[in-house]
Amino acid sequence: MSDFADRLIRWHRHHGRHDLPWQNTTDPYRIWLSEIMLQQTQVDTVIPYYARFLARFPDLATLAAAPVDEVMALWSGLGYYARARNLHACARTVMTEHGGQFPARAEAIAALPGIGRSTAAAIATFAFGQRAAILDGNVKRVLCRAFGVDGFPGSVAVERRLWALADALLPATDVPVYIQAQMDLGATVCTRGKPRCPDCPMQPICVAHATGRTTELPEARPRKRPPVRTTHMAVITDGMHLLLVQRPPKGIWGGLLSLPEFDRDTPPDAWWRAVAADVPAQVTPLDGLRHTFTHYVLDIAPVRFTVDTLDAIPAIEAARVCALDAVDELGLPAPVRRILASA
DNA sequence: AAGGCGGGGAC
DNA sequence: GTCCCAGCCTT
């Protein structure tokens with residue numbers, strides 16, 4: 001076994017994480033669910049979502065039989081909503097094409113919706129004892145530092161090199177412990193900001209530590225200034241109900257319910273005349289808010305339209321009327337939840 | 001090969 | 001404020 005893997009596995013016995021909610025099981029459903037939730041999402045954020053999700057969907061068959069709207073509602077606030085749609089699609093695929101049983105080989109797992117090479121390897125290893133390398137953010141950071149890998153790890157060339165490293169370092173046995181140890185080291189010792197090198201089992205063989213480059217590696221993503229976009233959001237209510245729209249499956253907040261939007265340059269009363277000319281409404285601007293995404297900034301100007309009845313507002317596509325006291329149970333984007341909480 | 005896709009934690 | 005997280009998918 002490589003010195004790298006050996007050090008990692010020995011470190012994990014006393015310093016790894018052993019009691020996360022998705023550990024100490026080989027149930028592929030629970031492991032799969034955790035891996036999807038953990039994509040680009042930190043452990044502490046996932047834990048309450050994971051518990052709620054399992055309580056509502058305790059097994060694959062239950063999830064596959066549920067309407068996708070319920071899945072979206074339980075995912076609301078977790079972000080990257082394509083994960084929820086793919087999760088539901090994957091459950092149905094496993095039911096119909098694999099007889100309700102997850103395939104065991106990493107290559108077959110990676111063919112399922114929402115599951116790429118790294119997630120497939122994690123499932124194959126933890127649930128089925130297969131031997132496959134992972135390459136998530138933690139592993140990339142550990143490998144870049146330990147082996148002094150230059151370049152942005154998201155670039156194709158660096159990623160190819162890191163996959164080769166990950167494959168070459170994979171031990172012959174104890175693969176589940178090894179993989180968990182890699183993630184635990186990256187999450188608790190070899191962290192992005194302030195790595196705890198004195199506590200690190202890799203320190204004697206770490207290139208970044210030896211060359212004083214710990215804070216330089218891995219190299220940061222090349223910067224670009226995210227654009228600012230603007231929108232109006234309409235809170236159309238009769239005091240008891242609220243008008244929401246279903247967003248298209250692709251794009252931002254895909255598949256979620258949200259508030260109707262209109263152009264920031266259109267005055268609210270002009271927009272209202274266009275969509276509901278005959279319906280009298282009291283128009284009230286609400287406090288604006290700024291929502292920051294990874295790739296752009298959205299300035300939202302919410303406006304409340306108070307009406308007597310929501311029965312006929314024909315010009316709004318995909319509209320749905322919901323009870324105000326039930327909006328917490330719907331799949332709504334995080335900023336929409338904030339607007340409604342103060343509206 | 002590059003960009004789209006959320007929300008929140010850490011600093 | 002910035003950066004990035006148990007990445008995947010589309011173009």
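What you see below is based on every heavy atom in this structure, not just the backbone, and it leaves out hydrogens, waters and symmetry mates. Chain naming here is simple, since letters A, B, ... match the order of the sequence lines and numbering starts at 1 in each.
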5'-most contact on DNA chain C (nearest-nucleotide basis), A:Leu112 vs A:Asn138, goes to A:Asn138
Quick test of your reading of the model: are A:Arg17 and A:Asp44 salt-bridged, counting only N-O distances below 4.0 Å?
no
Could you check how far CG of A:Leu78 sits from C1' of B:dG9, rounded to whole Å?
14 Å
Here the distance between atom C1' of C:dT2 and atom CZ of A:Arg221, to the nearest Å, is 14 Å
For A:Gly193, answer base if it contacts any base atom (sugar-phosphate contacts may also be present), sugar-phosphate if it contacts only those atoms, and nothing otherwise; contact means non-hydrogen atoms under 4.0 Å.
nothing
Nucleotide nearest A:Thr41 when distance is taken to its side chain, options C:dG7, C:dA6, B:dG6:
B:dG6
Determine whether any donor atom in the side chain of A:Thr45 lies under 3.5 Å from an acceptor atom in the base of B:dG7, or the reverse, and answer yes or no.
no
Taking B:dA10, B:dG6, C:dC4 as options, the one with an atom nearest any side-chain atom of A:Ile252 is B:dG6
Distance in angstrom units between A:Lys140 NZ and C:dA6 P, rounded
12 Å
With A:Phe102 as reference, evaluate A:Phe128, A:Phe126, A:Trp32 under the ring-ring contact (aromatic ring centres under 6.0 Å, His included) test and give the passing residue.
A:Trp32
Closest to the A:Arg141 side chain: B:dA1, C:dA6, C:dC8?
C:dA6
Rounding to an integer number of Å, can you tell me how far A:Leu87 CG sits from C:dC9 P?
12 Å
The side chain of A:Pro333 lies closest to which of these nucleotides: B:dG7, B:dG6, B:dG8?
B:dG7
Between A:Trp75 (CH2) and B:dC5 (P), how many Å, whole number?
18 Å
Nearest to the side chain of A:Trp253, which nucleotide is it out of B:dG7, C:dC4, C:dA6?
B:dG7
Side-chain heavy atoms under 4.5 angstrom apart, residues restricted to Ile, Leu, Val, Met, Phe, Trp, Tyr: same cluster for A:Tyr80 and A:Leu87?
no
Nearest-nucleotide comparison on DNA chain B, the residue closer to the 5′ end among A:Pro335 and A:Arg160:
A:Arg160
Check every atom of C:dC4, B:dG8, C:dC8 against the side chain of A:Ser118 and return the nucleotide holding the closest atom.
C:dC8
Which whole-number value in Å describes the distance from A:Arg229 CZ to B:dC5 C1'?
11 Å
Are A:Asp311 and A:Thr309 linked by a side-chain donor-acceptor pair shorter than 3.5 Å?
yes
Any salt bridge between A:Asp150 and A:Arg213, counting N to O under 4.0 Å?
yes
Using only heavy-atom distances, decide whether a donor-acceptor pair under 3.5 angstrom links the side-chain of A:Thr292 to the base of B:dG7.
no
